[in-house]
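Each chain gets a letter, A, B and so on, in the order its sequence line appears, and its residues count up from 1. The shown structure was predicted, so the numbers you read here are calculated from the model rather than taken from an experiment.
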Number of protein chains: 2
Amino acid sequence: MHAEPREKIRAARKPRNRYHHGDLRHALLNEAVRTIREDGVDALTLRSAGARLGVSRTAMYRHFADKSALLSAVATEGFRLLREKLSEAWSRGGHGVKGFAAMGVAYVDFAVENPSHYRVMFGGFVRGECRDPELLTEAKGAFQLLVDALVSLQQQNRVRADDPLRLAQFVWATVHGVAMLAIDGQLQTQGAKVDDVVAYAVDRIRTGVGL
Amino acid sequence: MHAEPREKIRAARKPRNRYHHGDLRHALLNEAVRTIREDGVDALTLRSAGARLGVSRTAMYRHFADKSALLSAVATEGFRLLREKLSEAWSRGGHGVKGFAAMGVAYVDFAVENPSHYRVMFGGFVRGECRDPELLTEAKGAFQLLVDALVSLQQQNRVRADDPLRLAQFVWATVHGVAMLAIDGQLQTQGAKVDDVVAYAVDRIRTGVGL
DNA sequence: ACCTGAACACCGTTCAAGT
DNA sequence: ACCTGAACACCGTTCAAGT
(Lines give C-alpha, C1' and ligand atoms only; values in the text may rest on other atoms or scores of the structure.)
Protein backbone atom coordinates (compact mmCIF):
# COMPACT_ATOMS: atom_id res chain seq x y z
CA MET A 1 0.00 0.00 0.00
CA HIS A 2 3.02 2.31 0.20
CA ALA A 3 3.22 2.39 -3.60
CA GLU A 4 0.10 4.42 -3.93
CA PRO A 5 1.46 7.86 -2.97
CA ARG A 6 4.18 7.44 -5.60
CA GLU A 7 1.55 6.81 -8.20
CA LYS A 8 -0.25 9.91 -7.11
CA ILE A 9 2.85 12.05 -7.37
CA ARG A 10 3.35 10.76 -10.91
CA ALA A 11 -0.24 11.44 -11.65
CA ALA A 12 0.27 14.98 -10.46
CA ARG A 13 3.15 15.45 -12.86
CA LYS A 14 1.47 13.71 -15.80
CA PRO A 15 -2.20 14.21 -15.21
CA ARG A 16 -3.37 11.12 -17.10
CA ASN A 17 -1.97 7.72 -17.76
CA ARG A 18 -2.19 7.36 -21.52
CA TYR A 19 -2.83 3.99 -23.08
CA HIS A 20 0.25 3.48 -25.19
CA HIS A 21 2.13 6.71 -25.57
CA GLY A 22 3.02 9.71 -23.54
CA ASP A 23 2.35 11.70 -26.65
CA LEU A 24 0.91 9.87 -29.61
CA ARG A 25 0.75 13.08 -31.58
CA HIS A 26 4.52 13.53 -31.50
CA ALA A 27 5.09 9.84 -32.12
CA LEU A 28 2.85 9.97 -35.19
CA LEU A 29 4.53 13.10 -36.52
CA ASN A 30 8.01 11.64 -36.10
CA GLU A 31 6.96 8.38 -37.70
CA ALA A 32 5.40 10.25 -40.63
CA VAL A 33 8.52 12.36 -41.17
CA ARG A 34 10.72 9.25 -40.98
CA THR A 35 8.60 7.28 -43.44
CA ILE A 36 8.37 10.16 -45.89
CA ARG A 37 12.11 10.78 -45.69
CA GLU A 38 13.01 7.13 -46.20
CA ASP A 39 10.32 5.79 -48.52
CA GLY A 40 8.44 8.78 -49.92
CA VAL A 41 4.99 10.22 -49.39
CA ASP A 42 3.18 7.37 -51.07
CA ALA A 43 4.59 4.95 -48.49
CA LEU A 44 2.87 6.84 -45.69
CA THR A 45 -0.40 5.10 -44.87
CA LEU A 46 -2.31 5.59 -41.67
CA ARG A 47 -2.56 1.84 -41.32
CA SER A 48 1.16 1.11 -41.46
CA ALA A 49 2.01 4.13 -39.32
CA GLY A 50 -0.42 2.96 -36.66
CA ALA A 51 0.85 -0.59 -36.86
CA ARG A 52 4.44 0.54 -36.43
CA LEU A 53 3.47 2.45 -33.30
CA GLY A 54 1.41 -0.46 -31.96
CA VAL A 55 -1.80 1.48 -32.24
CA SER A 56 -5.05 1.12 -34.12
CA ARG A 57 -5.21 2.67 -37.56
CA THR A 58 -7.95 5.03 -36.45
CA ALA A 59 -6.18 6.26 -33.31
CA MET A 60 -4.71 9.08 -35.35
CA TYR A 61 -8.05 10.82 -35.66
CA ARG A 62 -7.85 11.84 -32.01
CA HIS A 63 -4.86 14.03 -32.85
CA PHE A 64 -5.28 15.06 -36.49
CA ALA A 65 -8.42 15.94 -38.41
CA ASP A 66 -7.34 13.74 -41.32
CA LYS A 67 -4.32 12.65 -43.31
CA SER A 68 -3.93 16.09 -44.88
CA ALA A 69 -3.67 17.63 -41.41
CA LEU A 70 -0.90 15.17 -40.57
CA LEU A 71 0.93 16.14 -43.76
CA SER A 72 0.42 19.77 -42.85
CA ALA A 73 2.21 19.11 -39.56
CA VAL A 74 5.00 17.38 -41.47
CA ALA A 75 5.34 20.44 -43.71
CA THR A 76 5.43 22.72 -40.67
CA GLU A 77 8.22 20.64 -39.20
CA GLY A 78 10.06 20.93 -42.51
CA PHE A 79 9.92 24.73 -42.48
CA ARG A 80 11.21 24.73 -38.92
CA LEU A 81 14.18 22.59 -39.95
CA LEU A 82 14.82 24.70 -43.03
CA ARG A 83 14.81 27.90 -41.03
CA GLU A 84 17.38 26.48 -38.64
CA LYS A 85 19.66 25.50 -41.52
CA LEU A 86 19.34 28.92 -43.13
CA SER A 87 19.91 30.77 -39.87
CA GLU A 88 23.00 28.68 -39.21
CA ALA A 89 24.41 29.34 -42.68
CA TRP A 90 23.82 33.08 -42.40
CA SER A 91 25.59 33.21 -39.06
CA ARG A 92 28.44 30.95 -40.12
CA GLY A 93 29.03 33.19 -43.12
CA GLY A 94 29.38 36.24 -40.94
CA HIS A 95 26.08 37.96 -41.81
CA GLY A 96 27.55 39.22 -45.07
CA VAL A 97 27.77 38.37 -48.75
CA LYS A 98 29.44 35.10 -47.85
CA GLY A 99 26.61 34.20 -45.52
CA PHE A 100 24.12 35.06 -48.22
CA ALA A 101 25.73 32.61 -50.62
CA ALA A 102 25.90 30.01 -47.86
CA MET A 103 22.16 30.38 -47.33
CA GLY A 104 21.53 29.58 -50.97
CA VAL A 105 23.67 26.47 -50.81
CA ALA A 106 22.10 25.40 -47.51
CA TYR A 107 18.63 25.82 -48.97
CA VAL A 108 19.25 23.57 -51.95
CA ASP A 109 21.16 21.09 -49.79
CA PHE A 110 18.18 20.73 -47.50
CA ALA A 111 15.89 19.95 -50.43
CA VAL A 112 18.31 17.50 -52.02
CA GLU A 113 18.87 15.69 -48.74
CA ASN A 114 15.15 15.51 -47.92
CA PRO A 115 13.43 15.47 -51.29
CA SER A 116 10.18 13.88 -50.16
CA HIS A 117 9.91 16.10 -47.12
CA TYR A 118 10.55 19.11 -49.32
CA ARG A 119 7.83 18.03 -51.72
CA VAL A 120 5.33 17.84 -48.88
CA MET A 121 6.19 21.44 -48.05
CA PHE A 122 5.61 22.68 -51.60
CA GLY A 123 4.04 19.89 -53.62
CA GLY A 124 0.42 20.76 -53.10
CA PHE A 125 -0.19 17.80 -50.79
CA VAL A 126 -1.53 20.12 -48.15
CA ARG A 127 -4.86 21.34 -49.46
CA GLY A 128 -5.78 25.01 -49.32
CA GLU A 129 -8.12 24.83 -46.35
CA CYS A 130 -5.88 22.54 -44.34
CA ARG A 131 -3.04 25.03 -44.31
CA ASP A 132 -3.22 25.64 -40.60
CA PRO A 133 -1.95 28.95 -39.18
CA GLU A 134 1.06 27.19 -37.66
CA LEU A 135 2.25 26.16 -41.13
CA LEU A 136 1.80 29.65 -42.48
CA THR A 137 3.67 31.14 -39.52
CA GLU A 138 6.56 28.76 -39.91
CA ALA A 139 6.79 29.30 -43.67
CA LYS A 140 6.72 33.06 -43.22
CA GLY A 141 9.42 32.76 -40.57
CA ALA A 142 11.78 31.05 -42.99
CA PHE A 143 11.01 33.64 -45.65
CA GLN A 144 11.53 36.50 -43.21
CA LEU A 145 15.06 35.26 -42.58
CA LEU A 146 15.80 35.93 -46.24
CA VAL A 147 14.18 39.38 -46.10
CA ASP A 148 16.23 40.28 -43.02
CA ALA A 149 19.43 39.13 -44.68
CA LEU A 150 18.69 41.27 -47.73
CA VAL A 151 17.93 44.32 -45.59
CA SER A 152 21.22 43.77 -43.80
CA LEU A 153 23.05 43.57 -47.14
CA GLN A 154 21.30 46.75 -48.28
CA GLN A 155 22.64 48.52 -45.19
CA GLN A 156 26.09 47.25 -46.14
CA ASN A 157 25.51 48.74 -49.61
CA ARG A 158 25.90 45.32 -51.21
CA VAL A 159 22.38 45.05 -52.59
CA ARG A 160 20.29 47.49 -54.64
CA ALA A 161 17.75 49.52 -52.72
CA ASP A 162 14.61 47.86 -54.09
CA ASP A 163 11.73 46.67 -51.92
CA PRO A 164 13.31 43.91 -49.79
CA LEU A 165 10.15 41.80 -50.12
CA ARG A 166 10.42 41.86 -53.89
CA LEU A 167 14.11 41.06 -53.76
CA ALA A 168 13.46 38.20 -51.38
CA GLN A 169 10.72 36.78 -53.60
CA PHE A 170 13.08 36.74 -56.56
CA VAL A 171 15.89 35.10 -54.62
CA TRP A 172 13.54 32.60 -53.03
CA ALA A 173 12.03 31.66 -56.39
CA THR A 174 15.46 31.05 -57.87
CA VAL A 175 16.81 28.79 -55.13
CA HIS A 176 13.43 27.07 -54.92
CA GLY A 177 13.53 26.47 -58.65
CA VAL A 178 17.05 25.06 -58.50
CA ALA A 179 16.03 22.85 -55.60
CA MET A 180 12.91 21.58 -57.36
CA LEU A 181 14.69 20.85 -60.63
CA ALA A 182 17.47 19.15 -58.69
CA ILE A 183 15.23 16.74 -56.80
CA ASP A 184 13.32 16.09 -60.00
CA GLY A 185 16.57 14.90 -61.57
CA GLN A 186 16.19 17.54 -64.28
CA LEU A 187 19.63 19.09 -63.80
CA GLN A 188 21.89 16.05 -63.93
CA THR A 189 20.63 15.10 -67.38
CA GLN A 190 21.82 18.44 -68.68
CA GLY A 191 25.40 17.33 -68.10
CA ALA A 192 26.19 19.34 -64.98
CA LYS A 193 26.46 18.62 -61.29
CA VAL A 194 23.90 20.15 -58.96
CA ASP A 195 26.55 21.88 -56.86
CA ASP A 196 27.91 23.69 -59.88
CA VAL A 197 24.45 24.81 -60.93
CA VAL A 198 23.82 26.12 -57.42
CA ALA A 199 27.13 27.99 -57.34
CA TYR A 200 26.49 29.55 -60.73
CA ALA A 201 22.90 30.46 -59.82
CA VAL A 202 24.05 32.15 -56.61
CA ASP A 203 26.57 34.12 -58.66
CA ARG A 204 23.91 35.27 -61.11
CA ILE A 205 21.58 36.14 -58.25
CA ARG A 206 24.35 38.24 -56.79
CA THR A 207 24.77 40.05 -60.09
CA GLY A 208 21.00 40.39 -60.41
CA VAL A 209 20.43 41.96 -57.02
CA GLY A 210 23.75 43.82 -56.80
CA LEU A 211 24.22 47.56 -56.98
CA MET B 1 -24.86 -7.45 -100.30
CA HIS B 2 -23.51 -4.39 -102.12
CA ALA B 3 -22.35 -2.97 -98.76
CA GLU B 4 -19.58 -5.47 -98.45
CA PRO B 5 -17.03 -3.97 -100.82
CA ARG B 6 -17.40 -0.66 -98.97
CA GLU B 7 -16.60 -2.40 -95.75
CA LYS B 8 -13.56 -3.93 -97.32
CA ILE B 9 -12.30 -0.60 -98.56
CA ARG B 10 -12.68 0.77 -95.09
CA ALA B 11 -10.93 -2.24 -93.70
CA ALA B 12 -8.06 -1.55 -96.04
CA ARG B 13 -7.73 1.99 -94.73
CA LYS B 14 -8.21 1.08 -91.12
CA PRO B 15 -7.02 -2.52 -90.87
CA ARG B 16 -9.26 -3.45 -87.92
CA ASN B 17 -12.64 -2.43 -86.70
CA ARG B 18 -12.03 -1.39 -83.11
CA TYR B 19 -14.65 -2.08 -80.48
CA HIS B 20 -15.45 1.39 -79.19
CA HIS B 21 -12.86 3.87 -80.31
CA GLY B 22 -10.80 4.62 -83.34
CA ASP B 23 -8.00 5.37 -80.93
CA LEU B 24 -8.61 4.63 -77.28
CA ARG B 25 -5.09 5.72 -76.46
CA HIS B 26 -5.73 9.28 -77.58
CA ALA B 27 -9.15 9.32 -76.00
CA LEU B 28 -7.67 8.23 -72.67
CA LEU B 29 -4.89 10.80 -72.87
CA ASN B 30 -7.30 13.63 -73.64
CA GLU B 31 -9.66 12.53 -70.90
CA ALA B 32 -6.78 12.38 -68.42
CA VAL B 33 -5.52 15.85 -69.35
CA ARG B 34 -9.05 17.25 -69.09
CA THR B 35 -9.71 15.67 -65.68
CA ILE B 36 -6.35 16.79 -64.31
CA ARG B 37 -6.85 20.31 -65.60
CA GLU B 38 -10.38 20.62 -64.21
CA ASP B 39 -10.29 18.61 -61.00
CA GLY B 40 -6.67 17.85 -60.18
CA VAL B 41 -4.50 14.74 -60.28
CA ASP B 42 -6.26 13.05 -57.39
CA ALA B 43 -9.52 13.10 -59.32
CA LEU B 44 -7.99 10.98 -62.07
CA THR B 45 -8.93 7.35 -61.48
CA LEU B 46 -8.76 4.65 -64.10
CA ARG B 47 -12.25 3.60 -63.16
CA SER B 48 -13.91 6.97 -63.73
CA ALA B 49 -11.86 7.65 -66.85
CA GLY B 50 -12.95 4.32 -68.30
CA ALA B 51 -16.56 4.90 -67.32
CA ARG B 52 -16.57 8.31 -68.97
CA LEU B 53 -15.32 6.78 -72.20
CA GLY B 54 -17.79 3.90 -71.99
CA VAL B 55 -15.04 1.37 -71.55
CA SER B 56 -14.02 -1.14 -68.91
CA ARG B 57 -11.68 0.10 -66.21
CA THR B 58 -9.01 -2.35 -67.30
CA ALA B 59 -9.13 -1.47 -71.00
CA MET B 60 -6.41 1.08 -70.38
CA TYR B 61 -3.80 -1.60 -69.82
CA ARG B 62 -3.82 -2.38 -73.54
CA HIS B 63 -2.37 1.07 -74.20
CA PHE B 64 -0.41 2.03 -71.09
CA ALA B 65 1.75 -0.12 -68.83
CA ASP B 66 0.13 1.38 -65.73
CA LYS B 67 -1.23 4.62 -64.32
CA SER B 68 2.25 6.13 -64.04
CA ALA B 69 2.76 5.57 -67.76
CA LEU B 70 -0.48 7.41 -68.45
CA LEU B 71 0.71 10.31 -66.29
CA SER B 72 4.00 10.25 -68.14
CA ALA B 73 2.08 10.73 -71.39
CA VAL B 74 0.18 13.60 -69.79
CA ALA B 75 3.49 15.21 -68.79
CA THR B 76 4.85 14.76 -72.32
CA GLU B 77 1.78 16.48 -73.70
CA GLY B 78 2.38 19.30 -71.21
CA PHE B 79 5.94 19.89 -72.39
CA ARG B 80 4.70 19.96 -75.97
CA LEU B 81 2.16 22.64 -75.10
CA LEU B 82 4.70 24.62 -73.08
CA ARG B 83 7.19 24.58 -75.93
CA GLU B 84 4.55 25.93 -78.30
CA LYS B 85 3.74 28.80 -75.92
CA LEU B 86 7.41 29.67 -75.45
CA SER B 87 8.17 29.52 -79.14
CA GLU B 88 5.22 31.78 -79.86
CA ALA B 89 6.30 34.31 -77.22
CA TRP B 90 9.87 34.39 -78.52
CA SER B 91 8.68 35.01 -82.06
CA ARG B 92 6.05 37.54 -81.08
CA GLY B 93 8.72 39.48 -79.17
CA GLY B 94 10.93 39.70 -82.24
CA HIS B 95 13.62 37.23 -81.16
CA GLY B 96 15.22 39.85 -78.93
CA VAL B 97 15.26 41.06 -75.35
CA LYS B 98 11.53 41.71 -75.56
CA GLY B 99 10.91 38.16 -76.72
CA PHE B 100 13.04 36.86 -73.90
CA ALA B 101 10.91 38.66 -71.31
CA ALA B 102 7.78 37.46 -73.08
CA MET B 103 9.02 33.87 -72.75
CA GLY B 104 9.34 34.28 -69.01
CA VAL B 105 5.83 35.64 -68.70
CA ALA B 106 4.44 32.93 -71.00
CA TYR B 107 6.15 30.24 -68.94
CA VAL B 108 4.64 31.34 -65.64
CA ASP B 109 1.27 31.96 -67.32
CA PHE B 110 1.19 28.39 -68.56
CA ALA B 111 1.83 27.05 -65.07
CA VAL B 112 -0.72 29.34 -63.43
CA GLU B 113 -3.38 28.47 -66.01
CA ASN B 114 -2.73 24.73 -65.80
CA PRO B 115 -1.44 24.18 -62.25
CA SER B 116 -2.33 20.50 -62.00
CA HIS B 117 -0.95 19.71 -65.41
CA TYR B 118 2.22 21.58 -64.52
CA ARG B 119 2.55 19.59 -61.30
CA VAL B 120 2.35 16.34 -63.22
CA MET B 121 5.26 17.57 -65.34
CA PHE B 122 7.44 18.40 -62.33
CA GLY B 123 5.78 17.03 -59.20
CA GLY B 124 7.45 13.66 -59.07
CA PHE B 125 4.31 11.81 -60.11
CA VAL B 126 6.18 10.16 -62.91
CA ARG B 127 8.55 7.74 -61.30
CA GLY B 128 12.18 7.52 -62.36
CA GLU B 129 11.92 4.37 -64.43
CA CYS B 130 8.67 5.39 -66.08
CA ARG B 131 10.18 8.48 -67.63
CA ASP B 132 9.89 7.26 -71.14
CA PRO B 133 12.26 8.61 -73.79
CA GLU B 134 9.43 10.59 -75.40
CA LEU B 135 9.01 12.59 -72.18
CA LEU B 136 12.72 13.28 -71.92
CA THR B 137 12.87 14.35 -75.56
CA GLU B 138 9.95 16.72 -75.19
CA ALA B 139 11.32 18.24 -71.96
CA LYS B 140 14.73 18.75 -73.54
CA GLY B 141 13.05 20.35 -76.54
CA ALA B 142 11.41 22.99 -74.37
CA PHE B 143 14.70 23.62 -72.56
CA GLN B 144 16.59 23.87 -75.83
CA LEU B 145 14.32 26.71 -76.88
CA LEU B 146 15.65 28.68 -73.93
CA VAL B 147 19.26 27.80 -74.75
CA ASP B 148 18.78 28.89 -78.35
CA ALA B 149 17.24 32.18 -77.26
CA LEU B 150 20.19 32.88 -74.97
CA VAL B 151 22.70 32.05 -77.70
CA SER B 152 20.85 34.45 -79.97
CA LEU B 153 20.99 37.16 -77.31
CA GLN B 154 24.69 36.52 -76.86
CA GLN B 155 25.20 37.12 -80.58
CA GLN B 156 23.32 40.39 -80.16
CA ASN B 157 25.70 41.23 -77.31
CA ARG B 158 22.82 41.44 -74.87
CA VAL B 159 23.89 38.56 -72.64
CA ARG B 160 27.22 37.73 -71.00
CA ALA B 161 29.37 35.15 -72.78
CA ASP B 162 29.00 32.35 -70.23
CA ASP B 163 28.15 28.76 -71.12
CA PRO B 164 24.63 29.03 -72.59
CA LEU B 165 23.63 25.79 -70.85
CA ARG B 166 24.52 27.26 -67.46
CA LEU B 167 22.73 30.47 -68.23
CA ALA B 168 19.66 28.59 -69.37
CA GLN B 169 19.65 26.47 -66.20
CA PHE B 170 19.69 29.60 -64.06
CA VAL B 171 16.93 31.27 -66.02
CA TRP B 172 14.85 28.11 -66.10
CA ALA B 173 15.22 27.60 -62.36
CA THR B 174 14.07 31.14 -61.66
CA VAL B 175 10.93 31.08 -63.79
CA HIS B 176 10.22 27.54 -62.60
CA GLY B 177 10.54 28.71 -59.02
CA VAL B 178 8.23 31.66 -59.58
CA ALA B 179 5.74 29.36 -61.29
CA MET B 180 5.85 26.79 -58.49
CA LEU B 181 5.49 29.34 -55.71
CA ALA B 182 2.69 30.98 -57.65
CA ILE B 183 0.58 27.84 -58.06
CA ASP B 184 1.29 26.96 -54.45
CA GLY B 185 -0.32 30.26 -53.43
CA GLN B 186 2.89 31.25 -51.71
CA LEU B 187 3.27 34.59 -53.46
CA GLN B 188 -0.14 36.17 -52.96
CA THR B 189 0.17 35.91 -49.18
CA GLN B 190 3.27 38.07 -49.34
CA GLY B 191 1.12 40.99 -50.42
CA ALA B 192 2.00 41.11 -54.10
CA LYS B 193 0.36 40.06 -57.33
CA VAL B 194 1.92 37.24 -59.30
CA ASP B 195 2.28 39.35 -62.43
CA ASP B 196 4.32 41.94 -60.57
CA VAL B 197 6.58 39.26 -59.10
CA VAL B 198 7.11 37.80 -62.57
CA ALA B 199 7.90 41.19 -64.05
CA TYR B 200 10.37 41.98 -61.29
CA ALA B 201 11.98 38.54 -61.52
CA VAL B 202 12.44 38.90 -65.28
CA ASP B 203 14.07 42.28 -64.65
CA ARG B 204 16.48 40.80 -62.12
CA ILE B 205 17.23 37.89 -64.43
CA ARG B 206 18.06 40.40 -67.13
CA THR B 207 20.43 42.19 -64.76
CA GLY B 208 21.86 38.86 -63.66
CA VAL B 209 22.64 37.55 -67.11
CA GLY B 210 23.42 40.92 -68.70
CA LEU B 211 26.81 42.11 -69.85
C1' DA C 1 -5.95 -7.54 -81.21
C1' DC C 2 -8.96 -5.63 -78.01
C1' DC C 3 -11.99 -5.63 -74.24
C1' DT C 4 -14.68 -7.66 -70.10
C1' DG C 5 -15.79 -9.23 -65.24
C1' DA C 6 -14.58 -11.15 -61.22
C1' DA C 7 -11.14 -11.24 -57.80
C1' DC C 8 -7.22 -9.50 -54.95
C1' DA C 9 -4.91 -6.67 -51.90
C1' DC C 10 -4.93 -2.50 -50.69
C1' DC C 11 -6.61 2.57 -49.27
C1' DG C 12 -8.93 6.78 -45.92
C1' DT C 13 -12.75 7.57 -43.07
C1' DT C 14 -16.91 6.87 -39.98
C1' DC C 15 -19.01 5.31 -35.94
C1' DA C 16 -20.82 2.67 -32.17
C1' DA C 17 -18.59 0.52 -28.52
C1' DG C 18 -15.27 -0.31 -25.04
C1' DT C 19 -11.92 1.36 -20.84
C1' DA D 1 -10.06 11.36 -22.84
C1' DC D 2 -8.34 7.87 -25.61
C1' DC D 3 -8.46 3.84 -28.29
C1' DT D 4 -10.64 -0.34 -30.78
C1' DG D 5 -13.02 -3.20 -34.45
C1' DA D 6 -16.15 -3.69 -37.84
C1' DA D 7 -18.00 -1.58 -41.78
C1' DC D 8 -18.15 1.48 -45.92
C1' DA D 9 -16.90 3.20 -50.20
C1' DC D 10 -13.32 3.57 -52.63
C1' DC D 11 -8.50 2.50 -55.11
C1' DG D 12 -4.79 0.08 -58.91
C1' DT D 13 -3.71 -4.24 -60.82
C1' DT D 14 -4.00 -9.21 -62.39
C1' DC D 15 -5.89 -12.74 -65.07
C1' DA D 16 -8.77 -16.11 -67.21
C1' DA D 17 -12.29 -15.62 -70.46
C1' DG D 18 -14.83 -13.79 -74.24
C1' DT D 19 -15.26 -11.74 -79.43
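Following rounding to the nearest Å, A:L24 (CG) and D:dA1 (C1') show an atom-to-atom distance of 13 Å. When the C1' atom of D:dA1 is taken as reference, atom CG of A:D23 falls 14 Å away, rounded to whole Å. Here the P atom of nucleotide D:dC3 and the CG atom of A:L53 are 11 Å apart, to the nearest Å. Whole-Å rounding puts the A:F64 CZ to D:dC3 P distance at 12 Å.
The two atoms that bring A:S72 and A:L135 nearest to each other are OG-CD2, 3.8 Å, heavy atoms only.
Side-chain nitrogen and oxygen atoms of A:H63 include at least one within less than 4.0 Å of the OP1 or OP2 phosphate oxygen of D:dC3.
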Counting primed atoms plus P, OP1 and OP2 as sugar-phosphate and everything else as base, spell out the protein contacts along nucleotides 5-17 of chain C at 4.0 Å heavy-atom distance: B, S or - for each nucleotide, 5' to 3'. BB----BBBB---
Canonical and wobble pairing (Watson-Crick, G-U, under 3.5 Å) of DNA chain D, dot-bracket with |: ||.|||||...|||||.||
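The aromatic rings of B:Y118 and B:H176 sit tilted, their planes meeting at an angle between 30° and 60°.
Tested against B:L167, the residues B:L153, B:V147, B:D162, B:L146 include a single side-chain contact (heavy atoms from CB on, under 4.5 Å) partner, B:D162.
Side-chain atoms of B:M121 and B:L82, non-hydrogen and from C-beta on, do get closer than 4.5 Å to each other. Side-chain contact between B:R34 and B:R52: present, with at least one pair of heavy atoms (C-beta onward) separated by less than 4.5 Å.
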Quick one, A:V74 with A:F125, criterion side chain to side chain contact (heavy atoms under 4.5 Å, CB included). Give me CA distance, side-chain angles, the key distance, then yes/no. CA-CA 11 Å; A:V74 170; A:F125 292 100; over 6 Å; no
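A ring-centre distance under 6.0 Å is not found for B:W90 and B:F100. In this structure, B:F110 has its ring center no closer than 6.0 Å to that of B:F79.
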